[in-house]
Amino acid sequence: MDRPESGEKHHPKLPPQGDAPGLLEQFLPAYDGKMVQKRRIPRMALVAIVLASIAVVALVTGLLVWHFHFRPGKVRKMYSGYLTISSHTFSDAYENYNSTEYKELATKVSKQLYTSIYKQNGWLSRYHVVSSVQGFSEGSDNGIIAYYLSEFNVRENRLSLVEEALDKLMVGGETARQSRSGIGRTTDNSLIIVGMTSGAVDARLAAKNLKRSSERLLHAHANQTDSFRSPGFPESSYPSNLYKEWQIRADPEHRIRLEFDVLDLEKDCRNDFIKVYDSLAPTEKQVITEKCGIRLPGERFIFLSSGNVMLVTLYTNEEKNFPGFRAFYSQVPGKIKECGGELTAGGTFTSPGFPSHYPPNIECVWNIEVPQGKHIKVKFNKFSIHSPEEKPLDCPTDYLELKYRICGEKPPKTVYSIKSNRATVKFHSDMSHVGEGFSGEFEAFEPADPCPGKFQCDNDLCVSTNLKCDGYNDCGDMSDERGCSCNDTQIKCKNGFCKPRFWSCDGVNDCGDNTDEENCGKCKASFFTCRNGRCIYAQKECNGYNDCGDGSDESQCEKSIVVRCSDISYKCKNNQCISKLNPMCDGEKDCEDGSDEAECKCGIKPYKSSRIVGGKDSNEGEWPWQVSLHTKTQGHVCGASVISNRWLVTAAHCVQDNEKYRYSEPDQWEVYLGLHTQSETSKATLKSVNRIISHPRYDRISYDNDIALMELDSPVTLNQNVWPICLPEPTHDFQTGKAVWITGWGKLREEIESVAPVLQKAEVRIINVTVCSRLMDDGITPRMICAGVLSGGIDACQGDSGGPMSSAEENGRMFLAGVVSWGDGCGRKNRPGVYTRVTEYRNWIREMTGV
Ligand code: ARG
């Protein structure tokens, strides 16, 4: 509450009644004094009381208006940090906040924080509300580190003064935690504080009540990984308006390793987010990372602490709740082996802890030396060092120092050459915000011939000479594709690049200047090309009117307006049609009845995300809709996708009888759900098949309508490893050029026989139908969709059939864009994979299964 300050609080002064001239006059000429007075006084008094009340009300109203509108308001500010106490010795009792030792010391610390720190500074004690201890951990030399949280209630116009004073509160400098000196503030009764930091708490957290609950105290162990998860995960979404903390500790001389395998929060960090701190208190000065949204395939969310404590917090606001997260923690030795050293000849070096994010507060120095007369080339396959948004180039916080400081994100294969045979490489990270780190290789080169037998790109990379002028950007900076004369399988772009001829008119701007997409029978610039080929003025796109006649100008809009229904507009449950492109489960309510967001328990991988030919091992639970279909005699035969707890989608050609096997009969099949490694079927869920519905118009010659449904004999329990993928509506558009994922246990190469032991994943791109039809000898029907990498090497193969082509849409949710169907060999150049176009079967699937 407000404390009165001189002259600020007014007690309403009522005018003495006698001073009111009108009233006095009336008393004087009294004729029958008593009577008159008796009758008149109450009336006068009444008037006086009414007037007085009006005055009081007016004054109070005035005061209130002034108080709330003109007088500077008060702001709640939370500050947090730690104190290093040398006068006490750490013992396990200080980890348990129910112990008497904990309670006693906590009270002492809070008191002393107020009396000997905030009180020293008039500004601070005046606005201080309360301080509490968040936890203790062991400091160096057996001391104790106390993590505190202080609340202030500050008048707005004094805020900057208070902030300044609090930010300056630092004893022993940044390294106070490691401080060994005994010089510190000795205070009257007991605690000797040798170090202190103080920093603001995230304003969003300050608005919540930061309270502790006992379940979030975690202790990491060596050689053991434990986990924790957001409330409700994965069965239900996290609650609204939540603030939750998890304190993690490790043994002394150890660090904490924290890995999120699932993170699925609201996209907007202002609403829901997690923060990881290199402390037990939520101080901004020691934020390791802040995350919201979704973890995408291939992203690594692994973090290391600098000391033996870590804090994870989850904040949610009132609306839009998502599945949440799951994190694993363990302890690793404090000394990191990848930090610095002597490097000679050639080899690799990485940021400390790589592929984890590097820890805060670390410095490593490498000395590279190559034979006399040679120079050094350093190539980074990964480079991601945190740089503050305001000063991205100066690299004031974290950096790698080669010739100069480098930080930020660099594309893979970034090369730096050093004109010397010796180099010193220094890596530095400050107290907060970390990055994914770097992985570099270095080699010696002859200054006169930097790329023996190879082509030297402008960026110093060396690439094979036959990659020059092949239409692909192999250097990364296009220098291998400049100044080329094109051959007859290529077209010449206006900007001078040569590109394969069949890339023209495929809807992707391959030239960069769009030359390959001009004169494709499309409409001129400033016109919109309708699906039916008509040209309309570009301004007419998304104006709410069906100008094309087929609705195509009103079906791919950013905003959703209700439009007249057409074949390609999205239809809500209430039969209204809307103009937005792919509105289903995109996290925004587009239909008035909310039906576009009603059935979205699908497509979010509740697990880890980051062969298929040319693919890589996937993580366990990364593709929870992926199914392995075994036959009792042959083992793995085909893939399939979970679309509900009862139904799977696979390829029709997987369930056709041949001379030897009766694949169409349910009792031939064994369904493995949640399987990762083929040899570990015991870890998966095994189900039998009750019914198989093959598409009635499946054509075994053309592979047209290559889709089938399998009903399980009993519902499967959905969990992190078994989860449905979303089915796209008929109007869903998977655009040419979009990156999608294919997964399966199919053959790793065309020539070999065996299937992959571990579930493989590979990223491929959607290929334009016309281009694909030309490449695949006109074998593509409108019910097929092609995807691949035209340069070859990445594709589905035998054994992948029936499995999913998963497409991450707008908000990271995965949709079943295709079913692996056929191809010509596997991973051949200019021979993409062909998939069943699932949008064509959405209504059939609904009719057959009710899903
Ligand atoms: N039909 C194959 C199977 O039964 C899958 C072919 C996919 N091939 C390709 N190159 N994409 O497993």
Side-chain angles (χ1 to χ4, degrees), residues 611-615 623 626-631 634-641 648-658 660-661 663-664 668-669 672 678 692 694-695 698-708 710 734 739-756 759-767 769 771-773 775-777 779-781 783-807 816-838:
R611 253 178 268 196
I612 284 226
V613 178
W623 310 98
Q626 174 80 52
V627 173
S628 171
L629 297 180
H630 285 213
T631 65
Q634 292 165 289
H636 174 89
V637 174
C638 268
S641 307
L648 314 178
V649 168
T650 185
H653 82 258
C654 289
V655 292
Q656 303 300 315
D657 293 342
N658 63 16
K660 255 173 104 184
Y661 299 103
Y663 292 117
S664 69
Q668 299 296 301
W669 293 98
Y672 286 97
Q678 284 291 342
I692 297 175
S694 189
H695 197 277
Y698 166 66
D699 185 313
R700 36 176 86 218
I701 314 253
S702 64
Y703 275 55
D704 204 8
N705 303 306
D706 191 10
I707 191 166
M710 267 186 182
F734 297 103
V740 292
W741 290 88
I742 50 172
T743 45
W745 289 272
K747 295 202 305 189
L748 298 178
R749 273 202 313 278
E750 193 182 323
E751 322 81 67
I752 60 170
E753 273 317 310
S754 54
V755 296
L759 179 62
Q760 301 291 298
K761 61 176 173 188
E763 198 177 24
V764 290
R765 285 181 185 277
I766 305 273
I767 290 160
V769 205
V771 171
C772 185
S773 204
L775 293 172
M776 300 306 280
D777 316 310
I780 307 301
T781 73
R783 291 158 296 281
M784 300 175 186
I785 181 169
C786 302
V789 174
L790 291 182
S791 48
I794 305 179
D795 195 7
C797 203
Q798 265 58 49
D800 291 322
S801 278
M805 170 165 95
S806 311
S807 171
L816 187 64
V819 175
V820 179
S821 178
W822 62 280
D824 178 25
C826 304
R828 298 187 189 171
K829 199 169 172 171
N830 290 333
R831 291 293 201 173
V834 187
Y835 300 78
T836 316
R837 194 181 276 273
V838 176

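Indexing begins at 1, ligand by ligand and atom by atom, following the structure's order. Since the structure is predicted, the reported quantities are computational estimates derived from the model, not experimental observations.
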What atoms in ligand 1 come closer than 4.0 Å to a heavy atom of [X]?
{"X": "D800", "answer": "12 (O)"}
{"X": "G799", "answer": "3 (C), 12 (O)"}
{"X": "C797", "answer": "5 (C), 12 (O)"}
{"X": "G833", "answer": "11 (N)"}

If I apply the N/O under 3.5 Å rule, does [X] come out as touching ligand 1?
{"X": "V834", "result": "no"}
{"X": "D795", "result": "yes"}
{"X": "H653", "result": "yes"}
{"X": "C826", "result": "no"}
{"X": "S821", "result": "yes"}

Taking the side chain as everything from C-beta on, heavy atoms only, tell me whether L759 gets closer than 4.5 Å to W745.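 The answer is yes; the side chains approach within 4.5 Å.
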(message) Quick check on G825 - does any of its heavy atoms sit under 4.0 Å from an atom of ligand 1?
(response)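 It does, in that a heavy atom of G825 comes within the 4.0 Å cut-off of ligand 1.
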Give a yes or no answer on whether the side chain of [X] reaches the backbone of [Y] with a donor-acceptor pair at less than 3.5 Å.
{"X": "E750", "Y": "C826", "value": "yes"}
{"X": "T650", "Y": "G639", "value": "yes"}
{"X": "D704", "Y": "D699", "value": "no"}

**Item:** Closest protein heavy atom (residue, atom, distance) for atom 3 (C) of ligand 1
**Value:**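 Ranked first by proximity to atom 3 (C) of ligand 1 is S801 OG, 2.2 Å.
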* Quick one: look up the protein heavy atom nearest atom 9 (C) of ligand 1 and list residue, atom name and how far away it is. =>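 Result: A796 O, 3.2 Å.
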Using every non-hydrogen atom in the two residues, find where P832 and I767 come nearest and quote the distance to one decimal.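 Reported closest heavy-atom pair: CB-CD1, 3.5 Å.
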**Request:** Please state whether the rings of Y698 and Y703 are parallel, tilted or perpendicular, taking 30° and 60° as the class boundaries.
**Result:**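 Perpendicular, since the angle between the ring planes exceeds 60°.
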Is there a side-chain contact (heavy atoms from CB on, under 4.5 Å) between Q668 and I692 once you walk through the steps?
-> CA-CA 11 Å; Q668 299 296 301; I692 297 175; over 6 Å; no
field: D706 and T836: side chain donor to acceptor below 3.5 Å
entry: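 No, no side-chain donor-acceptor pair sits under 3.5 Å.
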